[in-house]
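Residues take their numbers from the sequence shown, with the count starting at 1.
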Amino acid sequence: MADISELVPASIGDLSVEVLNALLEDSDKWNNPLFESIEISVPHGAIDGMSNAVWRIDGILASGLKTSLIVKFRDKGGAKSADQGGMNEVLFYSELADIAGVESPESYVSLYDNDSRKMIIVLEHLDCGGSIGSIQTYLDVPEVERIVLALAGMHAKWWNSPELAALSQVRTFEEVISGGAKLFASGHFSGKRFISQYGDRLHPDIFRMYDTAGQWGPRLQAGFSANRTLCNYDVAAKNLFLPTDTSKPPIFFDWSLLTRGSIGVELAVVLAYCLRVEDHDKFQAILVAYLDKMCELGVANLSMEILWNEFRHGLLVRMAAPIALTTRDYPPAHDLALEILPRITSAVLESSALELLS
């Protein structure tokens with residue numbers, strides 16, 4: 001195999017048919033002929049999504065057949081965590097995808113060069129027999145329940161296990177919370193700055209939360225149980241493929257926030273972001289279905305009381321997301337922050353989560 005720094009292109013402008021073929025020739029999972037020609041375009045959802053480094057490849061193989069791929073480079077959207085996110089995804093697709101416990105796209109190439117910080121992931125293109133949403137997409141209650149039941153398969157598999165503890169390259173829940181607290185303490189994340197920009201969009205109770213220092217730190221972390229499992233932490237309609245055939249499981253992609261984490265944050269993202277606001281009164285019913293599945297899969301130390309507590313604390317953690325997003329000098333990040341703000345606000349108020357801060 002060629003030197004990785006030479007093999008990995010820096011951006012889409014450096015991806016020729018020759019470079020793509022060289023990458024695929026080294027892949028253990030690419031069992032098709034190589035490409036004769038390729039065309040590059042922006043995939044559905046990327047324009048209104050967060051990533052500026054995801055591209056669709058349409059090509060003609062040497063056999064004459066046409067096929068499509070998705071290629072992802074390092075996100076240059078301004079986040080200081082872009083490198084870590086890229087490393088998380090490469091780790092997931094190269095080492096964990098086949099054993100994670102949920103479905104993900106087939107990955108033909110997943111490379112990260114530590115010296116140059118270049119990365120490339122080449123995935124199958126999911127376009128038949130289902131759909132991928134956008135940041136504006138809402139899902140029906142049965143679809144959201146279908147998603148959390150699929151996640152239960154991964155959560156139960158890694159639940160407090162030695163195998164989870166051995167994933168030393170995957171960030172921990174404690175690192176996520178302490179890292180966020182440090183960013184707030186440094187002023188990089190600022191509720192008051194968010195208020196100065198978007199205070200007129202805040203519910204009065206959320207305004208007070210954003211106007212109070214120290215909300216996202218050790219005190220909030222202490223409200224979670226010690227249960228940990230493998231989590232995606234960014235499961236939203238824009239990051240999954242839902243097959244039309246409901247007997248087939250959802251396919252999860254974008255693993256940049258891969259975490260040995262709490263299910264509370266994972267489920268808060270799914271339920272708050274995916275459900276319509278008018279369906280937020282279905283939270284407990286969906287969580288009961290998730291709990292039943294976890295118990296069926298052998299998780300014995302999870303009750304509804306623990307799950308509801310984890311979920312509500314997870315919602316409070318996710319209230320920091322609009323603040324974090326708007327620190328980025330990147331318009332789509334602000335668009336996403338303002339899209340999720342009313343959803344997470346509704347979820348916090350519906351679940352009475354603010355009382356946990358009293």
Side-chain angles (χ1 to χ4, degrees), residues 29 43-45 49 54 68-70 72 88-89 91-108 110 121-134 137-159 161 163-164 167 170 229-261 263-275 279 282-283 285-299 302 307 311:
K29 295 188 175 181
H44 166 74
V54 179
S68 299
L69 299 171
I70 294 295
K72 186 169 186 176
N88 287 343
E89 284 214 89
L91 173 66
F92 176 82
Y93 283 115
S94 60
E95 299 185 24
L96 297 175
D98 292 340
I99 60 172
V102 291
E103 295 294 318
S104 58
E106 185 69 78
S107 170
Y108 303 112
S110 52
I121 298 172
V122 180
L123 303 171
E124 67 171 313
H125 181 233
L126 302 168
D127 63 342
C128 295
S131 61
I132 298 172
S134 70
T137 300
Y138 290 98
L139 299 175
D140 295 332
V141 172
E143 293 173 316
V144 175
E145 183 172 314
R146 182 178 164 198
I147 292 165
V148 301
L149 294 182
L151 287 172
M154 177 172 69
H155 295 163
K157 179 174 183 176
W158 296 89
W159 189 258
S161 67
E163 292 79 9
L164 179 75
L167 297 179
V170 179
T229 190
L230 193 65
C231 296
N232 174 289
Y233 270 15
D234 200 15
V235 176
K238 66 185 180 69
N239 291 333
L240 57 86
F241 179 84
L242 273 178
T244 304
D245 182 349
T246 57
S247 68
K248 295 180 178 179
I251 300 175
F252 300 87
F253 52 90
D254 194 339
W255 291 87
S256 58
L257 299 184
L258 182 68
T259 305
R260 289 179 283 166
I263 56 172
V265 178
E266 182 98 293
L267 296 171
V269 172
V270 181
L271 272 62
Y273 291 5
C274 293
L275 284 171
D279 288 329
K282 308 297 194 304
F283 285 159
I286 295 172
L287 292 174
V288 166
Y290 170 85
L291 177 62
D292 288 345
K293 186 66 175 179
M294 290 287 279
C295 292
E296 176 188 322
L297 293 171
V299 175
L302 183 63
L307 179 56
F311 173 68

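One finds the CD1 atom of I286 at 14.0 Å from the CG atom of L291 (value rounded to the nearest 0.5 Å). The line from OG1 of T137 to CD of E143 is 10.0 Å long, rounded to the nearest 0.5 Å. Distance check: S68 OG to L123 CG gives 13.0 Å after rounding to the nearest 0.5 Å. The distance from atom CG of L167 to atom CG of L258, rounded to the nearest 0.5 Å, is 8.0 Å. Rounded to the nearest 0.5 Å, atoms CD (E145) and CG (L287) are 10.0 Å apart. Expressed to the nearest 0.5 Å, how far OG1 of T259 lies from CD of E266 amounts to 8.5 Å.
When all heavy atoms of A156 and L297 are compared, the closest pair comes out as CB-CB, 3.6 Å. Minimum interatomic distance between L164 and R260 (heavy atoms only, all atoms of both residues): O-CD, 3.2 Å. Pairing each heavy atom of I251 with each of P105, the nearest pair is CG2-N, 3.5 Å. Counting all heavy atoms, side chain and backbone alike, A237 lies closest to C274 at N-SG, 3.8 Å. In this structure, E89 and I121 approach most closely via the heavy-atom pair CB-CD1, 3.6 Å. The two residues S247 and D245 have their closest heavy-atom pair at OG-OD1, 2.7 Å.
The main-chain N or O of A236 is never found under 3.5 Å from a side-chain atom of D234 such that the two would form a donor-acceptor pair. In this structure a side-chain-to-backbone donor-acceptor pair under 3.5 Å is missing from K72 to D254. Under a 3.5 Å cut-off, the side chain of E163 and the backbone N or O of W158 do not form any donor-acceptor pair. Using a distance-only test at 3.5 Å, with no hydrogens or angles considered, a donor-acceptor pair links the side chain of E124 to the main chain of E106.
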Quiz item: Given the rule in the side-chain contact (heavy atoms from CB on, under 4.5 Å) test, do L257 and N88 qualify, once you have shown the distances and angles that lead to the verdict?
Solution: CA-CA 7 Å; L257 299 184; N88 287 343; 5.8 Å; no

Exercise. Start with the C-alpha distance between V102 and N232, add both sets of side-chain angles, then the distance that settles side-chain contact (heavy atoms from CB on, under 4.5 Å), and finish with yes or no.
Key: CA-CA 10 Å; V102 291; N232 174 289; over 6 Å; no

Quiz prompt | Check against side-chain contact (heavy atoms from CB on, under 4.5 Å), L242 and I147 | solution = CA-CA 9 Å; L242 273 178; I147 292 165; 4.3 Å; yes

Practice problem: Assess whether side-chain contact (heavy atoms from CB on, under 4.5 Å) is satisfied between R146 and T246, documenting all intermediate values. | Solution: CA-CA 8 Å; R146 182 178 164 198; T246 57; 3.9 Å; yes

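The local environment of NZ in K248 is sparse, with at most 12 non-hydrogen atoms from other residues, nucleotides or ligands closer than 6.0 Å.
You'll find the side chain of M154 stays beyond 4.5 Å of the side chain of F252, heavy atoms only. A 4.5 Å side-chain heavy-atom check between H155 and L302 finds every atom pair outside the cut-off.
Every ring pair (Phe, Tyr, Trp, His ring centres under 6.0 Å) that Y108 has, sequence neighbours left out, goes to W30. With sequence neighbours excluded, no residue forms a ring pair (Phe, Tyr, Trp, His ring centres under 6.0 Å) with Y233.
Note on ring orientation: taking the six-membered ring where Trp is involved, the planes of F92 and W255 are parallel (angle under 30°, cut-offs 30° and 60°).
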